[in-house]
**Q** 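Handing you this structure, nothing more for now.
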Amino acid sequence: MEAIFSKEESLIKREPNDGIKYTKRNILFLGTIWSVPMLIIISLTFYNSSYFIAILVLSIVVGILINGGFDLINYYSLRLTLHRFNTFPLKAVPFLDHCTKLILLRRVGGSYIFIHRLLLEHFAQKYHEKSGVKK
């Protein structure tokens with residue numbers, strides 16, 4: 001299992017959204033691993049029960065949520081909320097790539113950084129003024 005999910009692989013992000021892609025892969029793989037022992041336990045415990053299917057589905061859902069499902073829900077909830085309030089586009093990668101063409105951002109691996117420190121400080125100051133936070 002270490003060869004499949006090595007720490008070095010998870011730390012290296014070459015493309016945007018690599019982190020969420022790794023999370024989806026982990027959910028599928030680890031959710032399956034979680035549900036097999038649960039299936040054995042459920043089949044031995046509730047083999048004549050009418051609740052067998054419900055308990056099986058519940059164990060699969062719990063396995064998915066424990067192994068990264070909550071992170072996936074948080075990620076997409078944030079993306080949809082930002083899009084809903086017109087704060088950030090739903091398709092972030094084309095927008096960020098456009099900003100790199102305008103020389104506002106620089107792409108480093110799978111993430112983006114501001115090229116100009118003054119621009120970063122300008123946006124931070126605007127945020128602090130809008131939110132009422134004092135430095």
Side-chain angles (χ1 to χ4, degrees):
M1 189 155 140
E2 187 176 325
I4 295 173
F5 300 102
S6 67
K7 195 175 249 187
E8 292 81 22
E9 179 185 340
S10 64
L11 294 176
I12 299 172
K13 295 180 184 176
R14 293 186 178 97
E15 295 292 322
N17 291 331
D18 271 354
I20 204 69
K21 290 174 189 173
Y22 289 140
T23 302
K24 288 177 186 177
R25 184 183 70 182
N26 287 345
I27 288 172
L28 290 175
F29 183 72
L30 296 174
T32 305
I33 288 176
W34 169 271
S35 60
V36 169
M38 294 310 293
L39 176 62
I40 293 169
I41 292 170
I42 290 168
S43 62
L44 293 174
T45 308
F46 300 100
Y47 64 93
N48 283 333
S49 176
S50 60
Y51 299 113
F52 176 76
I53 299 296
I55 294 171
L56 176 64
V57 169
L58 182 64
S59 71
I60 292 171
V61 169
V62 168
I64 288 172
L65 290 176
I66 287 174
N67 294 307
F70 288 120
D71 297 330
L72 205 61
I73 291 169
N74 287 339
Y75 173 78
Y76 283 111
S77 298
L78 176 64
R79 293 285 303 269
L80 289 173
T81 302
L82 291 175
H83 175 67
R84 173 104 168 109
F85 290 106
N86 294 323
T87 307
F88 200 73
L90 192 59
K91 303 230 181 219
V93 176
F95 170 72
L96 294 171
D97 286 339
H98 179 68
C99 289
T100 59
K101 289 177 185 172
L102 297 174
I103 313 174
L104 298 172
L105 297 175
R106 182 174 58 175
R107 188 166 160 201
V108 179
S111 60
Y112 296 85
I113 61 171
F114 280 102
I115 289 179
H116 307 287
R117 179 76 180 172
L118 289 175
L119 185 61
L120 171 67
E121 291 172 359
H122 170 74
F123 286 129
Q125 181 183 10
K126 289 290 183 186
Y127 171 76
H128 289 302
E129 287 174 1
K130 187 176 181 182
S131 64
V133 176
K134 294 184 180 180
K135 288 185 179 180

**Q** If Ile, Leu, Val, Met, Phe, Trp and Tyr residues are connected whenever their side-chain heavy atoms lie under 4.5 Å apart, and connections chain through other members, are Ile20 and Leu65 in the same group?
**A** yes
**Q** Search all heavy atoms of Lys21 against all heavy atoms of Pro16 and return the closest pair with its distance.
**A** NZ-O, 4.1 Å
**Q** Can you tell me if Arg107 has over 12 outside heavy atoms packed within less than 6.0 Å of its CZ?
**A** yes
**Q** With a 3.5 Å cut-off and sequence neighbours excluded, list the donor-acceptor pairs that the side chains of residues 68-85 form with protein atoms.
**A**
residue: Asn74; atom: ND2; partner: Phe70; partner atom: O; Å: 3.4
residue: Tyr75; atom: OH; partner: Asn17; partner atom: OD1; Å: 3.1
residue: Tyr75; atom: OH; partner: Arg79; partner atom: NH1; Å: 2.6
residue: Tyr76; atom: OH; partner: Lys24; partner atom: NZ; Å: 3.0
residue: Ser77; atom: OG; partner: Ile73; partner atom: O; Å: 2.7
residue: Arg79; atom: NH2; partner: Leu90; partner atom: O; Å: 2.2
residue: Thr81; atom: OG1; partner: Ser77; partner atom: O; Å: 2.7

**Q** How close do Ile27 and Ile64 get, heavy atom to heavy atom, and via which atoms?
**A** CG2-CG2, 3.6 Å
**Q** Once rounded to the nearest 0.5 Å, what's the spacing between atom CG of Asp97 and atom CG of Leu102?
**A** 11.0 Å
**Q** Does Val93 belong to the same Ile/Leu/Val/Met/Phe/Trp/Tyr cluster as Tyr22, with side-chain heavy atoms less than 4.5 Å apart forming each link?
**A** no
**Q** State whether the number of non-hydrogen atoms from other residues, nucleotides or ligands found under 6.0 Å of His116 atom NE2 is greater than 12.
**A** yes
**Q** With a 4.5 Å limit on heavy-atom distance, are the side chains of Leu104 and Phe114 in contact?
**A** no
**Q** Should Ile115 and Leu96 be counted in the same cluster of Ile, Leu, Val, Met, Phe, Trp and Tyr side chains packed under 4.5 Å apart?
**A** no
